[in-house]
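Working notes for the structure below.
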Protein chains: 2
Amino acid sequence: MVTVRDVARAAGVSISTVSRALSAPEMVAAPTRDRVAAIAAELGYQPNRAAAGLRAGRTGALGLLVPDLANPYFAAVAKGVAERAREHGLGVFVVDSDEDPAVEVEVLRSLAHQTDGVILASPRAVEADREAVGAKPVVVVNQDGPLAVVTDVAAGVRLALEHLRGLGHRRIAYVGGPATSWSDARRRAALGDADVVALGPHHPTVAGGAAAADAVVASGATAAITFNDVVAVGLVRAVRERGLRVPEDLSVVGCDDTFLAALVTPALTSIGTDLREVGRSATELLVGRLTAAPGSGPDDAAPATITLPGTLTVRDSTTTAPPTP
Amino acid sequence: MVTVRDVARAAGVSISTVSRALSAPEMVAAPTRDRVAAIAAELGYQPNRAAAGLRAGRTGALGLLVPDLANPYFAAVAKGVAERAREHGLGVFVVDSDEDPAVEVEVLRSLAHQTDGVILASPRAVEADREAVGAKPVVVVNQDGPLAVVTDVAAGVRLALEHLRGLGHRRIAYVGGPATSWSDARRRAALGDADVVALGPHHPTVAGGAAAADAVVASGATAAITFNDVVAVGLVRAVRERGLRVPEDLSVVGCDDTFLAALVTPALTSIGTDLREVGRSATELLVGRLTAAPGSGPDDAAPATITLPGTLTVRDSTTTAPPTP
DNA sequence: GTGAAAGCGCTAACAA
DNA sequence: TTGTTAGCGCTTTCAC
């Protein structure tokens with residue numbers, strides 16, 4: 001392994017000059033700086049992050065906690081985080097809690113010491129998590145908190161309702177997800193109208209969607225909004241098995257607009273947001289806090305919530321309401 | 001931050017005793033060990049991995065490189081890696097190269113110094129990657145190499161062919177993927193029969209599958225095996241637009257058996273393997289090499305390839321061959 | 001502008 | 001069995 005000493009020796013300078021030339025170029029005379037840079041490159045010198053962090057109190061890494069990496073929703077967020085972190089020259093420690101709150105807390109405890117800050121994507125135990133992380137900055141996704149990135153759930157729901165009402169639907173069902181879901185609670189609040197019947201909680205799975213089919217049909221709704229795209233798939237499938245057509249007899253709107261929505265048949269109209277942007281924004285928020293921290297500007301600990309716009313992508317699963325019999 | 005010194009002071013022992021009590025318990029008298037452990041827990045002491053690694057020459061972290069985290073295939077592998085790494089108490093640095101070989105090499109260069117070894121999932125530039133990583137152990141997935149985890153592609157293809165032939169299909173098309181794909185090459189080799197017509201290369205996307213539709217129809221095949229599940233979706237869609245039915249007129253077999261296969265309509269018969277197991281095996285292989293390395297047993301640098309069985313999950317996209325006109 | 005030296009938190013000889 | 005000591009590679013005062 002090539003170290004600062006090797007570079008220093010080869011360049012005929014001290015190790016501190018090497019260190020400065022590489023991480024604080026303005027403090028070094030141009031010729032020296034260039035010579036050091038050239039030799040470092042030639043020798044293939046790679047600074048040891050762990051060592052640098054040990055001294056400087058930074059680790060050069062971010063932590064990302066997701067409940068399930070195999071879920072396309074979180075996979076997309078993770079991709080956004082990885083992308084932006086790389087641009088900032090930071091590493092990303094990814095942990096998958098497998099939807100288990102206990103695991104969440106456990107892994108965070110060790111993550112906290114190996115990172116400069118963490119991003120909690122849809123955490124299942126926010127408060128315990130915060131405590132486990134300690135003093136390092138925490139950005140939450142789809143949760144309330146001083147540093148948060150959320151989707152404009154209300155806007156998404158409004159768009160969907162407008163879309164459906166414009167198609168003549170007068171009675172709309174909402175197939176809700178887990179009771180612990182932050183988004184679900186927000187959506188229920190945003191729906192709150194007389195012509196919307198909220199169902200659930202249901203499991204956020206194909207089976208969950210299928211289980212809701214009877215209730216949806218019984219509700220007399222001509223359109224349904226589901227907790228997520230997978231639930232929509234289950235609902236569509238079960239409703240069809242009952243001899244109804246989608247979208248002719250029942251329009252279905254999914255949520256999250258994962259790549260799944262475009263792949264299934266019928267392609268799902270879906271409420272969504274740019275998931276990679278969620279990851280990018282969360283990273284940006286965290287990195288901003290990291291660099292701001294030492295300077296301690298006046299609004300240093302100021303809370304900040306980034307709200308990303310909700311979108312509605314219209315595809316084939318929604319159409320005009322059937323004539324009332 | 002609680003350090004060894006704090007624990008040592010509180011326990012009335014030296015810092016080395018604390019270190020030993022925690023990482024080499026058998027070297028410390030039981031009462032001392034227990035007291036230190038109790039105090040460490042009470043104080044909420046978390047060892048600083050970076051510092052430990054700096055001294056011991058290990059970082060306590062693994063690197064995982066994937067071409068696209070949002071791809072369900074790699075997401076599943078990543079989940080397996082994360083799971084097993086956690087069991088070993090190791091962190092996972094995840095990098096997404098966005099399918100770009102140049103990015104791959106660049107990120108690996110810095111990854112190499114922050115990890116004890118790396119896993120390359122379907123790397124796009126293996127040789128350059130190896131060089132970038134340097135001396136640290138490298139496990140490749142779906143590639144040839146001294147330390148590799150691969151799927152038994154031939155077995156999967158054989159199962160699919162047997163399944164299709166058993167249904168009476170006599171002419172079968174293979175819709176191939178990117179020319180650079182290791183799996184694609186293996187599959188073509190495994191197909192090699194007179195009644196199989198290999199098409200492509202095609203993009204591994206819905207559009208790629210759709211683009212292959214005409215060629216598949218023109219080939220006179222009554223069944224098609226596609227590069228992956230997404231391509232299968234594209235093929236099914238395009239073939240249906242041409243007025244043919246799936247599976248009645250054309251049986252379709254996907255590859256990878258991602259969760260997608262079960263969600264689309266018709267649910268796809270798919271050649272697959274346990275993706276999480278791929279991640280787990282790769283991690284196991286890497287960890288084994290890490291712990292073996294210092295001891296330097298006789299077969300220390302011995303190559304090892306784990307071949308995971310290929311499977312065929314039969315769903316709704318395959319049925320008996322149509323009667324020859 | 002540059003060098004010498006003191007650690008960051010920890011582990012691993014080496015002593016006792 | 002336990003304590004003392006010397007660093008791992010780097011950043012960062014503090015002199016010059």
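The figures that follow rest on heavy atoms only: side chains count, while hydrogens, waters and symmetry mates do not. A quick note: this is a predicted structure, and the numbers were derived from the prediction, not measured. Each chain gets a letter, A, B and so on, in the order its sequence line appears, and its residues count up from 1.
Fit an axis to the five pairs at each end of the helix from C/dG1-D/dC16 to C/dA16-D/dT1 and the two axes sit 40° apart, to the nearest 10 degrees.
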If the sugar-phosphate is the primed atoms plus P, OP1 and OP2 and the base is the rest, what is the B/S/- string for nucleotides 11-16 of chain C, using protein heavy atoms under 4.0 Å? BBB---
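Here side-chain hydrogen bond (donor to acceptor under 3.5 Å, both in side chains) pairs that include residues 18-27 of chain A, with residues two or more places apart or in two chains, number zero. The side-chain hydrogen bond (donor to acceptor under 3.5 Å, both in side chains) analysis of residues 52-63 of chain A, with sequence neighbours excluded, yields the pairs A/Thr59-A/Asp116. Pairs passing the ring pair (Phe, Tyr, Trp, His ring centres under 6.0 Å) check and including a residue from residues 95-116 of chain A, sequence neighbours excluded, do not occur.
First and last contacts of DNA chain D with chain B, using any nucleotide atom under 4.0 Å from a protein heavy atom and ordered 5' to 3', fall at D/dT1 to D/dG9.
With sequence neighbours excluded, the residues that form a side-chain hydrogen bond (donor to acceptor under 3.5 Å, both in side chains) with B/Thr258 are B/Asp229. Annotation: ring pair (Phe, Tyr, Trp, His ring centres under 6.0 Å) contacts of A/Phe93 (sequence neighbours excluded): B/Phe93. For B/Tyr45, there are no ring pair (Phe, Tyr, Trp, His ring centres under 6.0 Å) partners two or more places apart in sequence or in a different chain. Not counting sequence neighbours, the partners of B/Gln114 by the side-chain hydrogen bond (donor to acceptor under 3.5 Å, both in side chains) test are A/Arg49. Applying the side-chain hydrogen bond (donor to acceptor under 3.5 Å, both in side chains) criterion to B/Ser183, with sequence neighbours excluded, gives no partner residue. Applying the side-chain hydrogen bond (donor to acceptor under 3.5 Å, both in side chains) test to B/Glu99 and every residue at least two apart in sequence or in another chain returns B/Arg124.
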